[in-house]
Amino acid sequence: MFLKRIELQGFKSFADKSVITFDSDVTGIVGPNGCGKSNINDAIRWVLGEQSVKSLRGTSMSDVIFNGSTQRKPVNMAEVTLVFNNSNHILNIDFEEVEVTRRLHRKSGEGEYFINRTPCRLKDIVDLVMDTGLGKDSLSIISQGNISAFAEAKPEERRALFEEAAGVAKYKKRKNESLGKLNRMQENLSRLEDIIIELERQVVPLKKQAKKATIYLEKKSELEKIEVSVLVHEIEVLNGELEKLKKQAFELDTKKAMHETTISVVDVKNTELRNEMYQLDREITKLQEIFTRVSEDAHVLETRKIEIDEKRKYAIEHLNDKEKAKELKILMDEALYEYEDRLKRFKDLDVDMALCKDQIEKCNSDIEYCKQEKNQADIILNRLTNRKEVLKNLLKQPFNHQYAVKSVLEANLYGVLGTVSQIFKPLANYEIAISNAFAGAIYHIVTENEECARHAINFLKKNQSGRATFLPLTVMKPHYISEENCMIVKKNSGFLGVASGFVENNERFNGIRDSLLGNVLIVDQLTNANELAKLLNYRYKIVTLEGDIVNKGGSMAGGRSRNSTTPLTIQKEFDYISQELEEQRIKTNQSKNKLAELQNQEERLRSSFVQMQISSAQLDPIVKSKWAKYDRLKEEYEKSAPEKELQNSESKDNDIIVKLSEMHSKIDGFTSEMKSKRERRMKIGYEVERKDSQIRILRKELQKLHNDIRDIEVLQAKTETKLEAMVERLSTTYEMTFEYAQNKKIDIDIEIAKKQVIQLKNEIANLGNINLDAPLEYKEVSERFDFLSKQKMDLESAKDKILTAIDEMDEIMIQQFSEMFEKINSQLNIVFRALFGGGKAKLFLVDPNDILNTGIDIDVQPPGKTVQNIRLFSGGEKSLIAICVLFSILKARTVPLCIFDEVEAALDQANVERFAKYIGQFRGESQFVVVTHRTGTMEQCDALYGVTMQQNGVSQLLKVKLQDAISMIDKEEVKS
């Protein structure tokens with residue numbers, strides 16, 4: 001027997017474990033309706049892979065599990081095992097006995113499959129029984145419903161039965177699987193071709209990019225090697241220059257300190273001299289007063305002496321010759337003394353007058369020069385004062401000439417944040433450069449957004465206040481200098497930085513700042529601006545510190561106007577003018593004070609000169625009269641005195657003469673002292689003037705030192721900026737510190753190296769955009785392209801192989817199907833005549849030209865009837881025709897197992913007997929399991945299994961062998 005036994009437990013009505021053993025060719029399963037006999041057929045089909053719940057007479061797969069009864073609880077698992085005798089190796093497996101088990105759990109809904117108690121897949125079980133005649137599409141396992149379905153089926157639907165019989169189902173399945181693989185392969189191939197096409201599009205440009213990237217990296221490496229050396233050299237040079245500048249700054253600071261100290265010392269000394277000069281003036285004035293009193297006393301004494309002389313003269317006339325000579329001698333000596341005294345005084349006055357006259361002339365010259373200085377200082381002071389007032393007004397109202405801007409700002413409109421000149425403050429010494437960098441944008445108005453700008457424009461239109469430009473924060477986009485160009489500009493001498501780096505502003509305005517100044521360059525002078533513009537191919541605006549401009553495209557602007565003040569430069573100019581004004585006021589006051597001092601000095605000198613003129617005019621006749629008196633008295637004395645007295649005579653002073661002499665001595669002393677003090681005062685005046693001149697010179701030199709220090713600081717700042725830029729370039733571009741870069745420095749000619757750097761940068765710039773990932777991307781894409789191309793070739797080769805295999809399978813299927821079809825067709829007429837008692841039947845192909853897909857139809861002619869199609873017969877006739885086809889298949893090909901579930905139910909008794917007897921012809925060739933309740937069929941069975949339900953809902957089995965039953969009956973009959 002092929003099917004040795006069935007083991008059921010928990011399957012549908014078989015709640016308890018039940019075993020059905022098959023040891024006969026024809027085994028019948030009988031029992032009343034509803035006892036569960038058809039469940040055995042369902043169990044077999046379920047184990048062999050049936051997945052259709054409807055075919056298993058349920059609504060869900062869990063319905064095959066015993067669901068309980070009034071007396072039994074539901075079970076949690078259904079399990080069915082089929083045990084096959086595989087000694088003839090009908091099943092394609094190397095075992096003599098094969099157990100196929102299927103198990104289903106209620107709670108999890110999980111299904112399990114086993115072959116010989118080894119877990120497997122459902123597919124493995126389906127493959128195991130394929131082409132054995134036990135497949136779900138064959139008529140070897142058939143019920144009454146299947147018989148009706150076969151009869152009513154379309155020709156194309158009947159084909160599956162014949163394919164199963166022909167043994168081509170496995171080929172068809174393999175073909176379908178191969179076609180599925182082919183479709184998936186074609187889809188993969190299509191996707192692969194799309195990917196390959198896309199990769200092919202990428203490979204060529206990536207190859208170019210990779211080549212360009214390789215060139216770039218080579219040049220970049222060469223540039224790094226050379227530029228690092230150049231940068232190190234220039235950093236070393238700049239460090240040297242910086243040290244020199246620091247040394248110069250230190251020396252200048254030292255000189256500045258020395259000058260400041262000298263000015264302070266000289267100023268203190270000058271102050272002391274001025275105080276001494278003022279003291280001398282006071283002393284001279286006091287001496288002048290004393291001199292005047294003494295002169296008056298001397299005049300009184302001279303008057304008294306004249307009176308005495310008159311008395312003497314009168315007395316001499318009455319004296320004798322000897323006494324007369326004596327008196328004349330006294331008078332002569334007095335007259336000589338008086339003459340010499342007056343003559344000396346007269347000559348001294350002439351000398352003093354000449355000196356005073358020179359001093360007056362010198363003082364007049366100084367006064368004229370000082371007047372010119374004062375007038376010039378007054379002019380400068382007035383001009384500076386006027387300019388300060390103008391600038392002060394401009395600071396209060398910087399937009400007087402920009403009426404639209406002024407109107408918008410005064411209106412305090414919502415969202416108006418101010419003008420560019422109000423928001424951005426240039427750094428010291430960069431006001432002119434930034435002002436020219438902004439150009440007309442200096443009066444542009446910054447707003448919160450476009451809506452605020454529209455509102456302001458509508459305000460200007462409504463009030464006819466002119467036009468203005470607005471910069472909404474939300475839409476202004478920054479502009480920057482490309483990295484390549486940054487590398488170029490940082491190497492250029494004179495480059496100070498990007499304009500956006502020389503203004504101060506709130507962070508929220510960075511976008512506006514970078515939009516207006518982010519691509520504007522600041523350099524020190526116009527020559528360097530031209531050189532830099534040429535290197536950058538005139539792509540950027542360049543501004544110098546003096547405000548000269550090289551525009552995009554190469555046009556240049558420059559020069560200076562009388563009034564080049566802008567809102568950005570007003571404050572700087574105002575501060576400068578204020579400082580200059582204070583200095584000028586000091587200079588003007590100094591000139592004024594000096595002029596007043598010189599005028600006072602000149603007035604004093606003139607007063608002294610006039611006084612000396614008067615004194616000289618008074619002394620001149622006195623000197624002459626004194627000489628005349630002396631000459632007269634000498635003559636009289638010589639006439640009256642004997643020779644001996646003339647030779648031995650002595651001068652005798654009286655008290656008046658002594659007093660007068662003392663008085664004149666005092667006068668001479670005062671005169672000498674006044675002269676000395678005047679000379680000292682004049683000398684001090686000259687010294688004060690000299691020191692004032694020295695202080696002015698020192699102040700000029702100090703100012704020059706300040707300017708030199710400021711220039712040094714600016715140059716130092718520029719040098720430090722360059723130094724920082726180069727160190728930053730080493731850090732950002734080459735990720736090197738200066739110390740590390742020094743170790744990488746090579747011995748090269750720096751000038752040649754600089755040219756090479758510029759050339760390499762231009763060559764790198766000419767390369768355009770560089771994709772540094774291109775070599776790796778090209779390698780990856782190229783490898784993938786080659787790999788996928790090989791895959792494509794492999795897929796195409798596999799496709800060709802599959803197509804070849806399909807063609808071969810088609811040939812096998814056509815051959816086997818055609819041969820089996822002819823065998824079945826030849827057997828059908830024989831079986832039909834046997835079961836119908838005559839007539840004829842024939843199978844035919846709906847489309848003989850398409851053997852692989854054609855449908856199969858049946859033409860039959862029962863005895864006494866015309867040829868008709870199977871659909872036109874009654875239900876019983878259709879069932880019998882279907883049975884004829886089944887038996888024809890069994891005749892054409894031996895099927896190891898046939899399971900019939902009440903297939904003869906629609907037949908009458910005569911046909912049932914024919915059907916049952918015909919089954920007997922297959923004894924020894926096929927095993928039959930027949931579920932029936934027809935006696936004619938039961939009679940032909942070798943063994944019967946009765947299915948009963950002693951308990952409600954639970955099926956039980958009872959086996960009876962008919963031969964044993966007949967023997968028992970015969971024995972009973974013999975006994976009776």
Side-chain angles (χ1 to χ4, degrees), residues 256 259-260 262-264 266-267 270-271 273-274 277-278 359-398 400-401 428-429 431-432 435 545-547 558-606 685-711:
K256 173 189 166 188
H259 273 67
E260 289 174 345
T262 304
I263 289 171
S264 178
V266 171
D267 196 37
N270 208 20
T271 302
L273 288 173
R274 285 181 188 279
M277 186 173 68
Y278 297 150
Q359 289 177 344
I360 290 170
E361 290 176 357
K362 174 71 168 57
C363 192
N364 285 332
S365 175
D366 291 343
I367 287 171
E368 289 301 319
Y369 178 76
C370 192
K371 282 182 178 179
Q372 292 178 3
E373 279 189 342
K374 182 178 177 299
N375 292 335
Q376 187 67 28
D378 288 338
I379 292 170
I380 295 173
L381 182 65
N382 290 333
R383 187 167 66 246
L384 290 174
T385 303
N386 294 335
R387 184 58 182 167
K388 183 179 179 181
E389 287 299 318
V390 171
L391 293 173
K392 187 176 180 181
N393 292 330
L394 285 175
L395 281 173
K396 292 179 180 177
Q397 296 179 335
N400 276 340
H401 301 293
N429 301 322
E431 292 87 353
I432 296 174
S435 180
L545 290 176
E546 294 184 347
R560 189 181 297 277
S561 60
R562 289 181 178 273
N563 185 12
S564 58
T565 302
T566 68
L568 292 180
T569 59
I570 290 174
Q571 187 62 51
K572 180 184 179 182
E573 187 177 356
F574 181 80
D575 295 339
Y576 174 76
I577 291 295
S578 298
Q579 183 180 355
E580 288 291 314
L581 186 61
E582 289 302 318
E583 293 178 358
Q584 192 60 38
R585 280 200 180 102
I586 294 171
K587 290 180 181 179
T588 304
N589 290 332
Q590 288 176 345
S591 298
K592 184 178 179 181
N593 294 334
K594 183 179 179 182
L595 179 62
E597 184 181 343
L598 287 171
Q599 287 175 339
N600 291 333
Q601 182 181 352
E602 192 261 351
E603 186 178 351
R604 288 195 300 271
L605 287 171
R606 284 190 181 278
Y686 288 145
E687 184 66 18
V688 168
E689 184 178 351
R690 187 184 68 78
K691 288 189 180 297
D692 283 339
S693 176
Q694 182 183 358
I695 289 173
R696 285 195 297 272
I697 292 170
L698 286 171
R699 289 189 186 281
K700 287 182 180 178
E701 291 177 353
L702 182 62
Q703 185 62 40
K704 185 176 182 301
L705 284 172
H706 278 296
N707 295 334
D708 292 342
I709 290 171
R710 187 172 62 250
D711 293 341

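This one's a predicted model, so the numbers in the text were calculated from it and none came from an experiment.
By the side-chain contact (heavy atoms from CB on, under 4.5 Å) test, Cys363 is found to be paired with Ile367, Leu598, Gln601, Glu602, Leu605, residues two or more places apart in sequence or in another chain being considered. Scored by the side chain to side chain donor-acceptor pair (under 3.5 Å) test, Gln359 finds no partners at all (sequence neighbours excluded). Remark: Asn364 engages no residue in a side chain to side chain donor-acceptor pair (under 3.5 Å) (not counting sequence neighbours). Residues passing the side chain to side chain donor-acceptor pair (under 3.5 Å) test with Glu603, sequence neighbours excluded: none. Applying the side-chain contact (heavy atoms from CB on, under 4.5 Å) test to Lys374 and every residue at least two apart in sequence or in another chain returns Asp378, Ser591, Lys592, Leu595. In this structure, the side chain to side chain donor-acceptor pair (under 3.5 Å) partners of Lys704, at least two apart in sequence or on a different chain, are Asp708.
Looking only at atom types and distance, the side chain of Asn707 has a donor-acceptor partner in the side chain of Arg710 under 3.5 Å away.
We find the CG-CD1 distance between Leu702 and Ile697 to be 13.5 Å, quoted to the nearest 0.5 Å. In this structure, OG1 on Thr588 lies 10.5 Å from CD on Glu373, to the nearest 0.5 angstrom. Going from atom CD1 of Ile709 over to atom NZ of Lys256 covers 5.0 Å, rounded to the nearest 0.5 Å. Here the CG-CD distance, from Asp366 to Gln599, works out to 12.0 Å after rounding to the nearest 0.5 Å.
The shortest non-hydrogen separation linking Arg699 to Ile263 is N-CD1, 3.9 Å.
With Ser365 contributing its side chain and Glu361 its backbone, the two residues share no donor-acceptor pair below 3.5 Å. At distances below 3.5 Å, at least one donor-acceptor pair connects side-chain atoms of Asn600 with backbone N or O atoms of Ala596. With hydrogens and angles ignored, the 3.5 Å screen pairs no side-chain donor or acceptor of Ser264 with any backbone N or O of Glu260.
Taking the side chain as every heavy atom from C-beta outward, Glu546 and Ile432 never approach each other to under 4.5 Å.
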